[in-house]
There are 2 protein chains.
Amino acid sequence: MFIGRHTNKIDKKGRLSVPKAFRDALGDAADGVFVFPSFKYPALEGAGRDFIERFVASLDDLDLFSDDQDDLAATVLANTNALAYDPEGRVILPKTLLDHAELGDEAVFVGRGSRFQIWSPTLFETHNARAFERARSRGATLALRNTDKIEP
Amino acid sequence: MFIGRHTNKIDKKGRLSVPKAFRDALGDAADGVFVFPSFKYPALEGAGRDFIERFVASLDDLDLFSDDQDDLAATVLANTNALAYDPEGRVILPKTLLDHAELGDEAVFVGRGSRFQIWSPTLFETHNARAFERARSRGATLALRNTDKIEP
DNA sequence: TTCTCGCCCATTGACGCCCATATAAACCCA
DNA sequence: TGGGTTTATATGGGCGTCAATGGGCGAGAA
């Protein structure tokens, strides 16, 4: 399970350490980590092999004429990168992903339960502040139903 | 499992390197790679021997597919090219396939789970942008076939 | 012969692996 | 409880290896 927030640096060679807690949650280190752009935010989605395998399973192997639903899975797979760890647990994000999330020399890993997101620190700060404010204005009604909470 | 995107060059002799990750996923190198034109897109479909063998099996076992699907299987087989690797893992695409996908001096391999596609970079860029936009507008509500759903 | 295709070699640029250091959290002991 | 020590994670840089690319040679087909 991915919980909490971790801010790490991207060095000159483009390497980014995946937080130890997340590496453990991802499972088999040999599988690395699977990252794809978020559809809705200038951020990246990260998950383990099991999560991606569900997308693969949703594409019927022999069906050559995919419907809209399949297209969604296909789009995710086309934009997903299987990133391998170096011996220290770092990965290199390809340029397409760096661009999508507007990442510079720092990245923040945000736990989201079954997977996590990767944000530019500045973008996340404003996004988080707005989400927090939104949550607060509706807080009274959401509080009892939603066990999730936004980190302070 | 075919995941992600890899853009490679087509040299003057028409040779195209199959990405190492895909060669591994294809299995036995002696079998090479099987490529046929996509019926839905100006692109090519690529797969391993196991994938083609299932089409062959569908022709033998009449119960397996409907008549329409059976015709489709026959059409696929008729248009499939078995391409052998050179010692460096490259293949040469026949002219019919080059024409169908409007390939010039570059080609992008796009993972699709159990198989992959080969696109002209420019054609794929527009195709992917559209699919991505569609996912953005509808992704939040589209459930995945199995369990989880795509998240905002 | 001439052209095509399969095999071999050279180059290069990226990335995977190794080591060293810094930073921080956990631990231990008075 | 506080200070120092230890352990582990994160970071930075050097170097070797391998994948991708490009060109040349030779065997066999047209």
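This is a predicted model, so every value here is computed, not measured. Reckoned from all heavy atoms, side chains included, excluding hydrogens, waters and symmetry mates. Reminder, nothing fancy here: chain letters follow the sequence lines and each chain counts from 1.
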S.K.: Has the side chain of A:R90 got a donor or acceptor atom sitting under 3.5 Å from an opposite partner on the base of C:dG16?
M.R.: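 By the distance-only test, no, there is no pair.
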
S.K.: Would you mind reading off the distance between A:D86 atom CG and D:dT9 atom C1', rounded to a whole angstrom?
M.R.: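 So the CG-C1' distance, A:D86 to D:dT9, works out to 13 Å.
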
S.K.: Working to the nearest 0.5 Å, report the span between CG of B:D31 and CG of B:D50.
M.R.: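 Rounded to the nearest 0.5 Å, the CG-CG separation comes out at 9.0 Å.
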
S.K.: Between residues 5-26 of chain B and DNA chain D, which residues have a heavy-atom gap below 4.0 Å?
M.R.: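 Residues of residues 5-26 of chain B that come under 4.0 Å of DNA chain D are, in numerical order, B:N8, B:K9, B:D11, B:K12, B:K13, B:R15, B:S17, B:V18, B:P19, B:K20, B:R23.
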
S.K.: A:A25 and A:F2: which non-hydrogen atoms are nearest, and at how many Å?
M.R.: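 Closest approach of A:A25 to A:F2, heavy atoms only: CB-CE2, 3.5 Å.
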
S.K.: Would you say the base of D:dC18 and the side-chain of B:E88 have a donor-acceptor pair closer than 3.5 Å?
M.R.: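 Side chain to base: no pair present.
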
S.K.: Starting at CD of B:E125, measure out to OG1 of B:T122 and round the result to the nearest 0.5 Å.
M.R.: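 Reported value, rounded in 0.5 Å steps: 7.5 Å.
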
S.K.: Output the rounded distance in Å from OH (B:Y85) to C1' (C:dC5).
M.R.: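 Going from B:Y85 (OH) to C:dC5 (C1'), I get 18 Å.
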
S.K.: If I take atom CD1 in residue A:I92 and atom P in nucleotide D:dT11, what distance separates them, rounded to the nearest angstrom?
M.R.: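 Whole-Å distance recorded here is 15 Å.
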
S.K.: Figure out the CG/C1' separation between A:L83 and C:dG16, and round it to whole Å.
M.R.: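 Rounding to the nearest Å, CG of A:L83 and C1' of C:dG16 are 14 Å apart.
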
S.K.: Counting the benzene-type ring for Trp, do A:F34 and A:F51 have ring centres under 6.0 Å apart?
M.R.: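 That pair fails the under 6.0 Å test.
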
S.K.: Aromatic ring centroids of A:W119 and A:Y41 under 6.0 Å?
M.R.: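 Yes, the ring centres sit under 6.0 Å apart.
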
S.K.: Kindly work out whether a path of hydrophobic side-chain contacts (I/L/V/M/F/W/Y, heavy atoms less than 4.5 Å apart) joins A:F116 to A:L98.
M.R.: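 Same cluster: A:F116 reaches A:L98 through Ile, Leu, Val, Met, Phe, Trp or Tyr contacts under 4.5 Å.
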
